[in-house]
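Per chain, numbering begins at 1; letters A, B, ... match sequence-line order. Everything numeric in this text was worked out from a predicted model, so none of it was measured.
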Amino acid sequence: MPELPEVETIVRAARPRLVGRTIVRFESRWPRQIHPDVPAVRRGVLGCRVRRVDRRGKYIVLRLDDGGALLIHLRMSGRLEWAAGHAVEPAHVRAVFDLDDGQRLMLCDARKFGRIAYTTDWRSFSARLGVEPLGPQFTPRRLAHELSCRARRLKPLLLDQSVIAGIGNIYADEALHRAGLHPCRRCDTLAPEQVRRLRSALRAVLRQGIRNQGASIDWIYPGGRMQRRLRVYGRGGEACDRCGAPIATTRVAQRSTHFCPACQPLDEQGDRGLGRRRRAPRRAAACAG
DNA sequence: TGAATTGTTATCGT
DNA sequence: AACGATAACAATTC
């Protein structure tokens, strides 16, 4: 299931094939996934040249020369496939974009969870997403603010795309393990040192994921090597690399969650629930852009 | 057969 | 009333 590093890998591969090309045909074979609807997307993209290809959170973003943007979200099982000429079509093709140089970009998606959207207002769309964890705005201070102005458990917070954009189940578990923090730890109880460790762990594990071209943990996303580097995800019952204790598997926020109970204790400083504490104002320190 | 998976939305509780 | 937690949902594979 593509998270930030997988989407980044896909974007880097797609960019040189797309930039400068004009979209000459668009076909949807699963109209329910097209937003706002098929005619609007067709009107928006036909005849437009692709100015740049970026990633924002888990979105693939094609900036078009009319100022609009085509957004592709792969969700669970989406893939981009390329075809030229009359090769055999891959399975589960849900949408087709033909380019002016004869290339054909296809969104393939067995489970049909993927989404395609066209917007004329990229800025307000982007504003609904949280900070980029590898970007310059993800400072220790910014993370400290996001953590202190809420009273939630750490893992659901990390998965909240409106707070930090791009983290999914795998990288959330890995970052928490590397930071030595329990997934259920209350986010507004971290010491400054722990905030710095969490930020470093997030950035390190995401960069490592990109360096390894993502994690291929099942049939959905091929080609990555990051699955060999995972220390807790999918390793319930195995010994923790750091301390040897067996890795626990539980459920947090409806997601399978893997952590080391010894390295990521809750009881020590993790005072959940007891006592109401003051929280920083929610809307303070808004960021630009 | 049912568990697993993402992000959005609706609903419930505090 | 606002926020956080929870459940349902879309659909398919193994």
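Once rounded to the nearest 0.5 Å, the distance linking CZ of A:Arg150 with CG of A:Leu157 reads 6.0 Å. Rounding to the nearest 0.5 Å places CG of A:Leu71 at 6.0 Å from CH2 of A:Trp122.
Distances shorter than 4.0 Å separate none of the side-chain N or O atoms of A:Tyr233 from OP1 or OP2 on B:dA4. Residue A:Ser77 places no side-chain N or O under 4.0 Å from the OP1 or OP2 atom of C:dT13. Distances shown here put a side-chain N or O of A:Arg32 below 4.0 Å from the OP1 or OP2 atom of C:dA11. At the phosphate of C:dA5, OP1 or OP2 sits under 4.0 Å from a side-chain N or O atom of A:Arg152.
The backbone N or O of A:Ile167 sits less than 3.5 Å from a side-chain atom of A:Gln161, completing a donor-acceptor pair. In terms of modelled atom types and a separation under 3.5 Å, the side chain of A:Asp100 and the main chain of A:Thr22 share a donor-acceptor contact.
If you take CG of A:Asp173 and P of B:dT6, they are 10 Å apart, rounded to a whole angstrom. Summarising the geometry, the separation between NZ on A:Lys155 and C1' on C:dT6 is reported as 16 Å, rounded to the nearest angstrom. Protein atom NE2 of A:His92 is 16 Å distant from nucleotide atom C1' of C:dA10, rounded to whole Å. Spacing between atom CZ of A:Arg150 and atom C1' of B:dT14 amounts to 19 Å, rounded to whole angstrom units. One atom, CG of A:Leu74, and another, P of C:dT12, lie 17 Å apart when rounded to the nearest Å. Summarising the geometry, the separation between CD on A:Glu3 and C1' on B:dT5 is reported as 11 Å, rounded to the nearest angstrom. In this entry the distance linking CZ of A:Arg111 with C1' of C:dC14 reads 9 Å, nearest Å. Rounded to whole angstrom, the span from the CZ atom of A:Arg186 across to the P atom of C:dA5 amounts to 10 Å.
For A:Arg25, the CZ atom sits in a packed shell: over 12 heavy atoms of surrounding residues, nucleotides or ligands are nearer than 6.0 Å.
Within the 4.0 angstrom heavy-atom criterion, no nucleotide atom of any strand lies near A:Arg128. Nucleic acid contact for A:Asn169: sugar-phosphate only, since backbone atoms but no base atoms lie under 4.0 Å from a heavy atom of the residue.
Of the candidates C:dT6, C:dA10, C:dT12, C:dA10 carries the atom nearest the A:Phe113 side chain, counting heavy atoms from C-beta on. Listed nucleotides: C:dA7, C:dA5, B:dT6. Nearest to the side chain of A:Gln254: C:dA7.
Taking both residues in full, the closest heavy atoms of A:Arg94 and A:Asp109 are given as NE-O, 2.7 Å, listed atom of the first, atom of the second, then distance.
Aromatic ring centres of A:His177 and A:Phe259 lie farther apart than the 6.0 Å criterion allows. Less than 6.0 angstrom separates the ring centroid of A:Phe125 from the ring centroid of A:Tyr59.
Across its full length, the helix from B:dG2-C:dC14 to B:dT14-C:dA2 shows an angle of 50° between the axes of its 5 terminal pairs at either end, rounded to 10 degrees.
Side-chain polar atoms of A:Tyr171 and A:Glu6 form a donor-acceptor pair below 3.5 angstrom.
Salt bridge A:Glu132/A:Arg56: present, at least one basic N to carboxylate O contact under 4.0 Å.
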Protein proximity profile, nucleotides 7-13 of chain B - base contact B, sugar-phosphate-only contact S, no contact -, cut-off 4.0 Å on heavy atoms: BS-----
